[in-house]
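Heads up, the thing below is written out as structure tokens.
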Amino acid sequence: MRGIEYRGVTSVDGPIVVVQRTENVFYNETVCVRDRRGEKRIGRIIDLSEKAAVVQIFGNTTGIDLAESSFEFLERPLELRVGEGLLGRIFNGLGEPIDGYPPVISSELVNVNGNPINPYSLDYPRDFIQTGISAIDGMNSLVRGQKLPIFSGNGLPHNKLAAQIIRQAKLRGSGEQFVMVFAGMGIKYDVARFFIDTFEESGVLSKVVMFQSLADAPSIERIMTPRCALTAAEYLAFKKGMHVLVVMTDMTNYCEALREISTTRGEVPGRKGYPGYLYSDLAELYERAGKIKGSEGSITQIPILTMPNDDISHPIPDLTGYITEGQIVLDREMDQKGIYPPVSGLPSLSRLMKDGIGADMTREDHANVSSQLFAAYSKVKSIRNLAAIIGEEELSPLDRQYMKFGERLEREFFTQDECEDRTIEQTLDIGWKVLSSLPREELYRIKPEFIERYLPADSE
């Protein structure tokens, strides 16, 4: 049954339609616009004045003219139908099924814009998540409820790494259900197919909810994709008590869509043409993660973004780094050496790692081993720079040992197969094996009792 329809479309500019305002309309309200042939387009109100409402159309505006088009205010925000049938399903960026199956059977509709979580009600993240990837588990540990982005670049294997994390992530020592929500924004068809095939082959698709806004979909759809995905995650986490890992790729495409809409609206641009509210818009998404007191479930986020020109100071990674709790940085030079995953040892950081590792959560020596690996690898980088100037033959014997350590760290610790799932014990044991390349007196960040207990007997 249709509600009251109005005429009064005053302008059409790309995906932006300006209509005459009526009483009792509100920001983010859903609007149905019908063109001259009666075909409907759904949009949302993104700006209001005394006499007009600015509507953002989810799709193209071909056929919408000023004289014959009509519009209807639906008196509700954009909503997602949620239920237990979400798992194993594939949706487009607006939450509509694209897997050939009927819509989710449920009477529960939830506003996709979400509500801010009161910081006071959040539990501090402490529980270690094992990804099976040594470069992450050993040196940049992921903690339940954390926001840990992956900073990548064009052509680097961030999609392969994301798929591996989704396949292998588990909560140590817990039988609690762990499910995934995947949001793809502006991704190519072959990338979308890669994720679907990977999840089907590994048998985890039944635990994954996928939202895909392909590259040929309207760019405006990318704005809603992460919101729909996070709404599904909040339902599974806080209504059903599940532990949810949300992977969002590619946040750069999301920000480009935001810039496109901002330019169309004639807003004053900020850095590199992005809108001045880019920080608050990203925070609105990233802060929908965590663990609420009294709730069994949790949401952990891994946003993926490709840094334009590998520039970590670009506004998107720069602002993301302020909001999130660390970053995993992929390195092009390591990728060219054939190292997978090419996780850069020094720029990568997990700010909550210290609270999720130790004797009761991973192993007693974890913090010491990680600290020593960071310190030694930092020295390796300095020695490599020196060797490039004076030549390796001029290095001291100790410096040569550090060079050998660096090669072993990259070849044995960082490098692993995309199907290799290492336990944290295996990761730490490999770390000790690599550290055995150094003299004992160089292991100054590790307690002596740990050296006696864990260092291989054949070490120098």
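This is a predicted model, so every value here is computed, not measured. Just so you know, residue 1 is the first one in the sequence shown, and it goes up from there.
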Please walk me through it: do E256 and R222 pass salt bridge (Lys or Arg N to Asp or Glu O under 4.0 Å)?
CA-CA 9 Å; E256 293 292 344; R222 297 175 202 168; over 6 Å; no

For residues 83-92, which residue pairs qualify under side-chain hydrogen bond (donor to acceptor under 3.5 Å, both in side chains), counting only residues two or more places apart or in two chains?
E84-K240, R89-D99, N92-E96

side-chain contact (heavy atoms from CB on, under 4.5 Å) between I42 and C32, intermediate numbers included
CA-CA 5 Å; I42 299 297; C32 177; 4.1 Å; yes

Does S206 use its side chain to pair, donor to acceptor, with the backbone of G88 at less than 3.5 Å?
no

Output, in order, the C-alpha distance, side-chain angles, deciding distance and verdict of side-chain contact (heavy atoms from CB on, under 4.5 Å) for N159 and S152.
CA-CA 10 Å; N159 291 324; S152 184; over 6 Å; no

According to the salt bridge (charged side-chain N to carboxylate O under 4.0 Å, His left out) rule, which pairs have a member within residues 308-326, sequence neighbours left out?
K147-E325, R271-D318, D310-R332

Would you say E221's side chain and G93's backbone share a donor-acceptor pair under 3.5 angstrom?
yes

For the backbone of P119 and the side chain of E287, can you confirm whether one donor and one acceptor N or O come within less than 3.5 Å of each other?
no

Which residues satisfy the salt bridge (Lys or Arg N to Asp or Glu O under 4.0 Å) test with D65, sequence neighbours excluded?
R36

Do S134 and R422 have a side chain donor and acceptor closer than 3.5 Å?
yes

Give the table of side-chain donor-acceptor pairs shorter than 3.5 Å for residues 102-109, with sequence neighbours excluded, one pair per line with atom names and distance.
from	atom 1	to	atom 2	distance (Å)
S106	OG	V82	O	2.5
S106	OG	E108	N	3.0
E108	OE2	K239	NZ	2.9

Among I4, N24, V31, T30, which one satisfies side-chain contact (heavy atoms from CB on, under 4.5 Å) with F73?
V31

Answer yes or no for R259 and Y274: cation-pi contact, defined as NZ/CZ to six-membered ring centre under 6.0 Å and angle to ring axis within 45°.
yes

Pairing donors with acceptors under 3.5 angstrom, does anything connect the side chains of D137 and T131?
yes

Euclidean distance, F91 CZ relative to F211 CZ, rounded to 0.5 Å
5.5 Å

Has the side chain of T61 got a donor or acceptor atom that lies under 3.5 Å from a matching backbone atom of G14?
yes

Test your reading of the model: is there a side-chain donor-acceptor pair from K160 to the backbone of P341, 3.5 Å cut-off?
no

With no hydrogens and no angle check, do the side chains of T225 and Y254 hold a donor and an acceptor under 3.5 Å apart?
no

Working to the nearest 0.5 Å, report the span between CD1 of I316 and CE of M307.
11.0 Å

Any luck finding a side-chain donor-acceptor pair between R351 and T324 under 3.5 Å?
no

Would you list the pairs meeting side-chain hydrogen bond (donor to acceptor under 3.5 Å, both in side chains) in which at least one residue belongs to residues 196-205, sequence neighbours left out?
R193-D197

Between R41 (side chain) and N60 (backbone), is there a donor-acceptor pair under 3.5 Å?
yes

Check whether S141 reaches the backbone of M353 with its side chain - one donor and one acceptor, N or O, closer than 3.5 Å.
no

Can you list the steps and then say if Y377 with F413 is a ring-ring contact (aromatic ring centres under 6.0 Å, His included)?
CA-CA 12 Å; Y377 195 48; F413 188 85; 9.8 Å; no

Sequence neighbours excluded, every pair satisfying salt bridge (charged side-chain N to carboxylate O under 4.0 Å, His left out) that has a member inside residues 179-189
none

Can you check whether P77's main-chain N or O pairs, donor with acceptor, with R44's side chain at less than 3.5 Å?
no

Determine yes or no for a side-chain-to-main-chain donor-acceptor pair under 3.5 angstrom, with H243 supplying the side chain and A237 the backbone.
no

